[in-house]
Amino acid sequence: MTSAEIARTRDEALAEIRVAETLRALEAVRVKYLGRKGLLPQIMKGLKDLPEQNRAAAGLEANELKSRVGEAIEQRGAELGAAGPAREPFDPTLPGLWHRPGAMHLISRVIEDVTRICARIGFTVADGPDVETKHNNFDALNTPERHPSLDPRDTFWLETGECLRTQTSPVQIRVMKSRPPPVRVITPGRCYRRDTTDATHGANFHQIEGLYVDRGVSLADLKGTMAYFARELMGPAVKVRFRPHFFPFTEPSVECDFSCHVCGGAGCRVCKSSGWIEIAGAGMVDPRVFEFVGYDPEEFTGYAWGFGVERVAMVKYGLGDIRVLYENDLRFLEQFA
Ligand code: DAH
C-alpha cells in the first residue's frame, strides 16, 4: 500500500470506531485493523515491497495508523464502557419535558422600561458599587455633617468607614469625576437604608438617577424631560407638576408628581384622592457639587432626578405592599407574565 492508501485505511478505521455502538462492535473494528491477522500487520509486511523512495513515507503513515486507531479505540471504549450498558434506548415518541416560560420580575421590568425610554433621548447607563465612600454618598453631594441620613440609625456603616449607599446619587459623583461634560446618564441600582420593613419600606430597594450636564441646561429642560418620561412610562395622558422641595445636592430642588394614570386626576384610591402621585426628587445640580467634581459652575449647569424603582412598580401595577416584590410567590409573579 502507498502512503495515501494507508491514510485512507486509517480514516476508514476512525469512521468505523465513531459509529461503533457497542463494545463488541468496537472489538470487531480492533481485530479488523490491529489484530494479528488484521490490516496493519499486512501493511507492515508489504512495506519492503515498495519502491525504496516511497518506503519511509509509507512507514511513517503505518505508525500513525497504529497509534491514532489505537487511541481512538481506547477512547470510544471508555465512552461505551461508562455509558453503554446502562444507557436506556432513546424513545423519540415520548412526550417532551415542558418548561414553563418565565416572566421578567417587575423590578427588572421597570428598570428596562426606564432604560429604554431614556436611551431614546440620549441617556446611557452608568454603574457604581453598592459599598460607597462617605465622600461620594454624602460629602461630595453637599450633605452637611449634621444631616440625619448620616446617623448610624439610618445608614449601614461598615468598619472600614464606608457605607452601603443610601441612594444612587453617588454615581453622579463617580461619573462627573471620570469625564468632562457633557454628561447624560441614568444609574439604576440597589440602595440600602436602616428602615424597618413595612408596606412601603424595605432595608434594600432600587433607585434610578438621571443626570444631564451641559452648557445652558435649565429647569425647563428638566420639566420637558420629566413630561416626556411620565408619558412614556405611565401613559400618554399623564402630566407632571413640580413642587418646591429641598435636597442638599440640587438648587433649586423639586418634588416631581405625575397626574394619576388610573383616574386621570379626578381622585381615586391609588392617588389617595389627590389626583397626583409623588414620584421623583429632582432639581438643578448645586454649584457646590460641581466644585467637588472639578466642573466649572460658571460654564456648566445640569439637572438631576432620582426615584425609587419599587415605588414606580407599585404605582404602575397597583401593588398595595412592597413586600410582594421580594417574596418570590409565583402566584403573584405569574400575573405579570
Ligand atoms: N437621592 C434622593 C433620595 O434618595 C433622590 C434625588 C433627589 C435624586 C433629587 C436626585 C435629585 O438626583 O436631584 O431621596
Side-chain angles (χ1 to χ4, degrees), residues 110-111 114 118 123 125-130 132-144 147-151 154-156 163-177 181 183-195 200-214 217-226 229-230 240-258 277-290 292-293 295 297 300-312 315 322:
V110 170
I111 291 175
V114 171
C118 293
F123 285 81
V125 173
D127 208 5
D130 291 14
E132 249 315 347
T133 60
K134 173 173 176 286
H135 180 80
N136 286 344
N137 196 86
F138 294 107
D139 304 343
L141 289 164
N142 198 33
T143 313
H147 196 274
S149 61
L150 280 148
D151 194 302
D154 285 323
T155 297
F156 292 106
C163 63
L164 296 180
R165 67 178 175 193
T166 60
Q167 49 190 356
T168 44
S169 308
V171 187
Q172 291 188 26
I173 303 299
R174 290 178 174 272
V175 169
M176 289 191 279
K177 274 193 172 160
V183 160
R184 197 165 6 179
V185 294
I186 58 163
T187 68
R190 205 179 270 262
C191 306
Y192 306 80
R193 287 184 197 175
R194 292 191 67 170
D195 274 335
T200 53
H201 296 85
N204 71 70
F205 56 96
H206 299 75
Q207 284 189 340
I208 303 179
E209 195 90 1
L211 173 69
Y212 178 33
V213 182
D214 204 343
V217 179
S218 74
L219 196 70
D221 297 314
L222 171 61
K223 195 155 189 192
T225 305
M226 290 317 256
F229 177 65
V240 298
R241 76 172 181 191
F242 283 176
R243 284 176 294 115
H245 201 75
F246 174 79
F247 296 103
F249 39 89
T250 43
E251 183 58 37
S253 302
V254 298
E255 196 83 73
C256 178
D257 300 341
F258 289 4
I277 302 173
E278 208 180 293
I279 297 285
M284 301 305 292
V285 179
D286 194 299
R288 295 264 303 174
V289 173
F290 283 152
F292 274 116
V293 299
Y295 283 10
F300 295 102
T301 50
Y303 63 69
W305 80 81
F307 62 83
V309 175
E310 282 80 353
R311 170 146 178 81
V312 165
V315 167
I322 197 172

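For ligands, and for the atoms within them, numbers begin at 1 and follow the listed sequence.
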For ligand 1, which atoms, with element, lie under 4.0 Å from some heavy atom of [X]?
X: Gln207; answer: 3 (C), 4 (O)
X: Gln167; answer: 1 (N), 2 (C), 3 (C), 4 (O)
X: Glu209; answer: 8 (C), 10 (C), 12 (O)
X: Gln172; answer: 12 (O)
X: Ser169; answer: 1 (N), 8 (C)
X: Thr250; answer: 13 (O)

(request) Looking only at protein heavy atoms, identify the closest one to atom 11 (C) of ligand 1 and say how far it is in Å. (result)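 Result for atom 11 (C) of ligand 1: Phe249 CE1, 3.4 Å.
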
(request) Quick one: sort the Trp305 and Phe229 rings into parallel, tilted or perpendicular, breaks at 30° and 60°. (result) tilted

(request) Could I get the full list of ring pair (Phe, Tyr, Trp, His ring centres under 6.0 Å) partners for Phe300, not counting sequence neighbours? (result)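 In terms of ring pair (Phe, Tyr, Trp, His ring centres under 6.0 Å), with neighbours along the sequence ignored, Phe300 is linked to no residue.
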
Short side-chain donor-acceptor distance under 3.5 Å, [Y] and [X]:
X: Glu209; Y: Thr187; answer: no
X: Gln207; Y: Gln167; answer: no
X: Asp130; Y: Tyr192; answer: yes

(message) Any atom of ligand 1 sitting under 4.0 Å from a heavy atom of Arg193?
(response) yes

(request) Mark the output for Phe307 as yes if a heavy-atom distance to ligand 1 is under 4.0 Å, and as no if none is. (result) no

(message) If we ignore hydrogens and angles and just use 3.5 Å, is the side chain of Asn137 paired with the main-chain N or O of Thr166 as donor and acceptor?
(response)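 Answer holds: yes.
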
(request) Salt-bridge test for Glu132 and Arg174: reply yes if a basic N is under 4.0 Å from a carboxylate O, no otherwise. (result)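 Yes, this pair counts.
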
(message) Between the side chains of Asp154 and Arg194, is the shortest nitrogen-to-carboxylate-oxygen separation below 4.0 Å, so that they form an ion pair?
(response)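 So Arg194 does not pair with Asp154 through a salt bridge.
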
(request) Return a yes/no value for Ala304: is any of its N or O atoms, backbone included, closer than 3.5 angstrom to an N or O of ligand 1? (result)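 There is such a contact, yes.
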
(message) With nothing but distance in play, are any N or O atoms of Trp305 less than 3.5 Å from an N or O of ligand 1?
(response)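 Between Trp305 and ligand 1, an N or O pair is found under 3.5 Å apart.
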
